[in-house]
Undergrad: 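Have a look at the structure that comes next, please.
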Amino acid sequence: MYKVLIADDEINILEGIASLVNWENCGATLIKKAHNGRVAFDFILKDSPDIVISDIKMPGMSGVELIEKVHSIFPHIKFIILSGYDEFEYAKKVMQYNVKYYLLKPSNESKIEEALKNVIDELNKEKEKEQMVTRINNKLQDVMPKAKEQFLKEFITNKKCGIPEWEYFSQLFEIKVTSQTFKLVVLEIDEDEVQDFEKIFALKEIAVDRLNNNNTIQLCTIIGERIVILCENCPNQKLIEKIKNVKEVFSTIYNMEFTTGISNVGSIYQLRRLYYEVIDCLSQRFYLGNGSIISVNDLHKEESYFDNILLLDHEDFIFSIRSGNISEVKQYLDQFFEYLKKEKYDINLVKSHCLEIYMSVIRQAKREMIDELFQRIIYFKDFSNLVQYKVFIESICVEIAQHNYDRTKETQSDVIRKVIEYVEKNLSEESISLSKIANDVFYMNPDYLGKLFKKETGEKFSSYLVNRRVEKAIEIIGSQEEVKMITVAEEVGFGNNPGYFSKLFKKQTGFTPSEYKSNVLLS
């Protein structure tokens, strides 16, 4: 209902409008009646209405003065003017101030109601427009971080992305840079077995939170299972100190370590090369041990590792094996072997790459399988053509991917079990939500956790929470002979809004809590 105030110095007209107009039918509520402009202005200051119906000539403060003063403070308030025929010229000067109708006296209630309905219809349209804009902005806020992540990933991994793409998307995403030089920081969890997404998302959130002092982080994404952070140029020592802090937090939660690579300084158009340099850094973990922080400067190489070898990136492929996506595994292998066949490299070089990809694959298997799979390398010497290599490697990849799929599914089920346990322990908390659980408890991406929850349980988290709260309320009502509904509301997370709890309970069960107690349980 929209709030309406009427102002007229003629008491008969004032009371007549107040009593004859069907306010509720128009979608409005009459909140105040003022017998002159000054009283009306004081009422408006105390309780801002949506619509003011005002006479144009009143003692103390005229309708013109009232409209001008109110519009300067509350420009959203709409006005309907009541005036005599000879006063129109006097009223014309305020038609610019949200005056929607000029009604000549005497005006009966039907004319006033018609004008009022038209103004309210306009207000409803404005509200719908505002709500639509709000929804669009909210959706953009939800989508923008994911879009930025995908853009950075594409810019680094897709050779087709160049200067025009960066300039276009940096404007679209409002990426404001204060430096022309950057560094890439890449984090990779030190674990031989298949990773679960929970730890990767947790490390990403912690790293962004701890490294982003003074707005140094421009973009962040995940490529494969590596967290890639684009930072404005700053001294390595400053970065290292922040990364050590990230290591402390992550180790406390998961009792695990991660290795960090820091690139050289480069422009935004050199990111792809900086990324491959950092991957080279991460490969030094074999010599330096887990938990190392390695910069390109530490390697002291006279030439790039990538200048003299064939560049084949297996990041997405390895990720597919670890996540158990068999269709993507087969698709990548088809492309990989087709590429080798098309380019017709030296046979020994091809065998070398087949051996390399096989070694990368078996490292994704469970530990008790690795030794046996390593022994199968002896089969390579018997292969005489590329098809034999493909068939053999594909069979091993599918076997490992299937195992990892089964293992990942078990891990995901365990995460959802923990979410449900958390809900049970904290059901009385009003602030409980999927975002709170994801960010504060599990350090996970809320969107990913929501999809995982629905996949595991078959329903959205919000629906589950409402149903569980109603079920808990029913348990409490049924377990006690005398129980106050406000107490029940508090115990299921509606302590500050017992009225809403009662409505929600009725929507779910068909009864209010009191009716449920008397009509269902007692009967």
Side-chain angles (χ1 to χ4, degrees), residues 157 188-200 222-226 256 258-259 276 279-280 282-287 290 305-306 309-414:
T157 60
E188 185 173 34
I189 296 175
D190 299 324
E191 187 172 306
D192 294 331
E193 297 188 23
V194 59
Q195 297 283 358
D196 60 61
F197 296 120
E198 174 189 351
K199 299 182 180 68
I200 297 172
I222 296 175
I223 301 178
E225 294 183 358
R226 295 178 177 133
M256 296 173 65
F258 60 87
T259 296
Y276 285 119
I279 300 307
D280 194 15
L282 295 177
S283 69
Q284 302 302 306
R285 173 171 40 193
F286 177 80
Y287 302 102
N290 292 345
Y305 171 72
F306 298 96
I309 70 166
L310 172 66
L311 286 180
L312 288 174
D313 183 15
H314 304 308
E315 282 291 322
D316 291 338
F317 170 65
I318 295 302
F319 182 76
S320 297
I321 291 178
R322 289 192 170 190
S323 59
N325 193 325
I326 294 176
S327 63
E328 287 186 2
V329 169
K330 290 182 177 180
Q331 182 181 3
Y332 181 89
L333 289 174
D334 288 341
Q335 295 173 349
F336 173 75
F337 282 97
E338 186 62 31
Y339 174 77
L340 294 180
K341 181 180 179 181
K342 178 182 176 182
E343 296 297 328
K344 293 183 172 57
Y345 290 108
D346 177 84
I347 293 176
N348 289 327
L349 180 60
V350 171
K351 290 182 178 180
S352 170
H353 279 291
C354 289
L355 180 60
E356 176 189 1
I357 198 171
Y358 180 78
M359 293 301 296
S360 298
V361 166
I362 67 174
R363 284 196 293 270
Q364 315 316 314
K366 57 183 181 180
R367 292 177 180 175
E368 55 267 33
M369 290 176 60
I370 291 178
D371 286 342
E372 192 270 334
L373 292 172
F374 185 81
Q375 297 298 323
R376 297 190 199 179
I377 291 177
I378 195 173
Y379 297 154
F380 275 53
K381 68 181 181 62
D382 297 326
F383 299 152
S384 58
N385 58 63
L386 194 61
V387 173
Q388 291 174 322
Y389 280 94
K390 181 179 184 296
V391 171
F392 174 74
I393 292 174
E394 184 175 290
S395 66
I396 302 301
C397 290
V398 170
E399 180 183 353
I400 296 173
Q402 183 63 53
H403 169 78
N404 288 341
Y405 173 83
D406 296 336
R407 180 187 177 93
T408 300
K409 189 173 182 180
E410 292 176 4
T411 301
Q412 292 173 343
S413 298
D414 187 60

Undergrad: Looking only at non-hydrogen atoms, find the nearest pair between Q364 and I321 and report the distance.
TA: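 Minimum heavy-atom contact is CB-CG2, 3.9 Å.
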
Undergrad: Kindly give the heavy-atom pair with the smallest separation between C397 and F317, and that separation in Å.
TA: SG-CZ, 3.6 Å

Undergrad: Calculate, to the nearest 0.5 Å, the distance between atoms CE and CZ belonging to M369 and F374 respectively.
TA: 15.0 Å

Undergrad: Mind running salt bridge (Lys or Arg N to Asp or Glu O under 4.0 Å) on E225 and R322 for me, showing each step along the way?
TA: CA-CA 9 Å; E225 294 183 358; R322 289 192 170 190; 2.3 Å; yes

Undergrad: Which distance, rounded to the nearest 0.5 Å, do you find between the CG of D190 and the CG of N290?
TA: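 Atom-to-atom, D190:CG and N290:CG are 3.5 Å apart.
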
Undergrad: To the closest 0.5 Å, what do you measure between CE (M256) and CZ (F258)?
TA: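 If we round to the nearest 0.5 Å, M256:CE and F258:CZ are 11.0 Å apart.
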
Undergrad: Measuring from L386:CG to E338:CD, what's the distance to the nearest 0.5 Å?
TA: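 It comes to 9.0 Å.
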
Undergrad: Applying side chain to side chain donor-acceptor pair (under 3.5 Å), name anything that partners E399, two or more places apart in sequence or on another chain.
TA: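 In terms of side chain to side chain donor-acceptor pair (under 3.5 Å), with neighbours along the sequence ignored, E399 is linked to no residue.
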
Undergrad: D334: what forms a side chain to side chain donor-acceptor pair (under 3.5 Å) with it, not counting sequence neighbours?
TA: K390

Undergrad: Could you tell me whether the side chain of I396 reaches within less than 4.5 Å of the side chain of R376, counting heavy atoms only?
TA: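 SC-SC contact between R376 and I396 confirmed.
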
Undergrad: Would you indicate whether the side-chain heavy atoms of Y332 and I357 approach each other to under 4.5 Å?
TA: yes

Undergrad: Report yes if some heavy atom in the side chain of Q375 is under 4.5 Å from a heavy atom in the side chain of D371; otherwise report no.
TA: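 A side-chain contact under 4.5 Å is absent here.
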
Undergrad: If you round to the nearest 0.5 Å, how far is CD of E188 from CD1 of I200?
TA: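 The CD atom of E188 is 9.0 Å from CD1 of I200, to the nearest 0.5 Å.
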
Undergrad: Do the non-hydrogen side-chain atoms of Q388 and Y379 ever get within less than 4.5 Å of each other?
TA: no

Undergrad: How about K381 and I378: do any of their side-chain heavy atoms sit closer than 4.5 Å?
TA: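 Side-chain contact under 4.5 Å: yes.
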
Undergrad: Below 4.5 Å, heavy atoms only, C-beta onward: do F337 and C354 meet side chain to side chain?
TA: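 Yes. Closest side-chain heavy atoms under 4.5 Å.
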
Undergrad: For I400, run the side-chain contact (heavy atoms from CB on, under 4.5 Å) check against I370, V329, V361 and tell me which one passes.
TA: V361

Undergrad: Does any non-hydrogen side-chain atom of V350 lie less than 4.5 Å from one of Y389?
TA: no

Undergrad: Which is it for Y405 and I326 under the side chain to side chain contact (heavy atoms under 4.5 Å, CB included) test, yes or no, and what are the steps along the way?
TA: CA-CA 9 Å; Y405 173 83; I326 294 176; over 6 Å; no

Undergrad: Which distance, rounded to the nearest 0.5 Å, do you find between the CD of E328 and the CG of L333?
TA: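 Rounded to the nearest 0.5 Å, the CD-CG separation comes to 12.0 Å.
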
Undergrad: With no hydrogens and no angle check, is any side-chain donor or acceptor of S352 less than 3.5 Å from a backbone partner on N348?
TA: no

Undergrad: Can you find a heavy atom in the side chain of F336 that is under 4.5 Å from one in the side chain of I393?
TA: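 Of all side-chain heavy-atom pairs linking I393 with F336, none is under 4.5 Å.
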
